[in-house]
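Following: one structure in structure tokens, then a few remarks.
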Amino acid sequence: MASAKDIDDFINSLKAKLVCSDLILMESICSADMADAVDAQVNNSESCPLLRETLQELRRRVCEPSGSYSPPGRNQPFDSSTSRDWYDWTLELFKELLRRLQQKFQKALEWLHQIAAACLQGLRIAAEAVWRVLNDFCSSLEQLFRSLIQV
């Protein structure tokens with residue numbers, strides 16, 4: 001027959017598994033909702049058009065799972081003798097969820113900054129090429145007019 005301590009340990013283990021699996025589900029739901037919000041913002045904004053491929057890659061980076069949650073603390077996730085310990089333990093897991101979401105979005109934002117910088121670099125190179133062509137064209141016209149005036 002199982003002792004009261006064994007039953008408490010079993011209940012605590014079940015609570016830990018339940019909270020951890022709920023946090024994984026909550027993280028995926030939050031990530032998907034935030035990705036939908038980004039999609040809606042981009043689609044409603046004329047000032048920041050993104051290529052469909054870029055938007056899909058951003059969504060993939062935001063929605064990919066960040067791994068499993070492990071209970072904070074050492075071997076025992078919480079002490080069932082007081083309910084305060086349970087809430088502290090759950091709060092620590094929730095803080096971990098928020099930290100992971102923040103890291104995920106910071107990485108996605110850094111990636112988006114790199115994409116934007118590469119696009120701006122490409123635009124700068126294209127503008128310089130157009131400027132050189134226009135400059136060469138104007139120089140050619142200048143020489144043509146000089147030769148016509150001298151004749």
Side-chain angles (χ1 to χ4, degrees), residues 2 6-144:
D6 291 337
I7 293 173
D8 284 344
D9 290 343
F10 180 72
I11 290 172
N12 290 341
S13 174
L14 286 177
K15 284 181 179 180
K17 288 176 184 174
L18 177 67
V19 170
C20 289
S21 65
D22 284 348
L23 285 174
I24 292 170
L25 177 64
M26 189 185 309
E27 179 183 351
S28 67
I29 290 171
C30 287
S31 295
D33 287 346
M34 289 180 196
D36 290 342
V38 169
D39 282 349
Q41 181 64 32
V42 169
N43 289 334
N44 291 335
S45 176
E46 296 173 7
S47 64
C48 62
L50 289 178
L51 295 175
R52 180 55 46 197
E53 297 84 21
T54 305
L55 200 53
Q56 288 172 348
E57 177 64 16
L58 181 64
R59 175 176 275 283
R60 186 194 66 75
R61 287 173 182 265
V62 167
C63 290
E64 71 183 8
S66 59
S68 62
Y69 286 87
S70 58
R74 297 192 182 105
N75 297 334
Q76 189 70 308
F78 56 89
D79 181 9
S80 62
S81 62
T82 65
S83 61
R84 181 70 188 145
D85 291 332
W86 164 254
Y87 294 116
D88 290 342
W89 181 81
T90 307
L91 180 62
E92 288 298 315
L93 281 177
F94 186 70
K95 286 178 183 178
E96 176 67 14
L97 166 74
L98 294 178
R99 187 189 63 76
R100 286 182 183 204
L101 285 172
Q102 181 182 19
Q103 283 181 339
K104 187 184 292 189
F105 275 89
Q106 282 176 336
K107 287 179 183 177
L109 186 60
E110 288 170 6
W111 173 80
L112 198 55
H113 279 207
Q114 291 172 354
I115 295 295
C119 289
L120 288 176
Q121 179 72 12
L123 285 174
R124 184 188 63 82
I125 290 170
E128 287 175 351
V130 168
W131 175 252
R132 280 192 303 274
V133 169
L134 285 173
N135 198 17
D136 291 345
F137 176 72
C138 291
S139 295
S140 298
L141 278 178
E142 178 186 12
Q143 289 175 358
L144 176 67

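Here, residue 1 is the first one in the sequence, and each next residue gets the next number.
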Inset, instruction - Step by step, work out the side chain to side chain donor-acceptor pair (under 3.5 Å) result for Q103 and R99. - result: CA-CA 6 Å; Q103 283 181 339; R99 187 189 63 76; 3.0 Å; yes
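Once rounded to the nearest 0.5 Å, the distance linking CG of L144 with OG of S139 reads 12.5 Å. How far CD of Q102 is from CG of L109: 11.5 Å, rounded to the nearest 0.5 Å. Taking CG from L101 and CD from E96, the interatomic distance works out to 10.0 Å, rounded to the nearest 0.5 Å. Here the CD-SG distance, from E27 to C63, works out to 10.0 Å after rounding to the nearest 0.5 Å. To the nearest 0.5 angstrom, Q114 atom CD is 10.0 Å from L112 atom CG. Put simply, NE2 on H113 and CD on Q106 are 11.0 Å apart, with the number rounded to the nearest 0.5 Å.
With sequence neighbours left out, E128 forms a side-chain hydrogen bond (donor to acceptor under 3.5 Å, both in side chains) with R124. Scored by the side-chain hydrogen bond (donor to acceptor under 3.5 Å, both in side chains) test, R61 finds E57 as partners (sequence neighbours excluded).
In terms of heavy atoms, F105 sits closest to V62 at CZ-CG1, 3.2 Å. When all heavy atoms of A32 and R59 are compared, the closest pair comes out as O-NH1, 4.1 Å.
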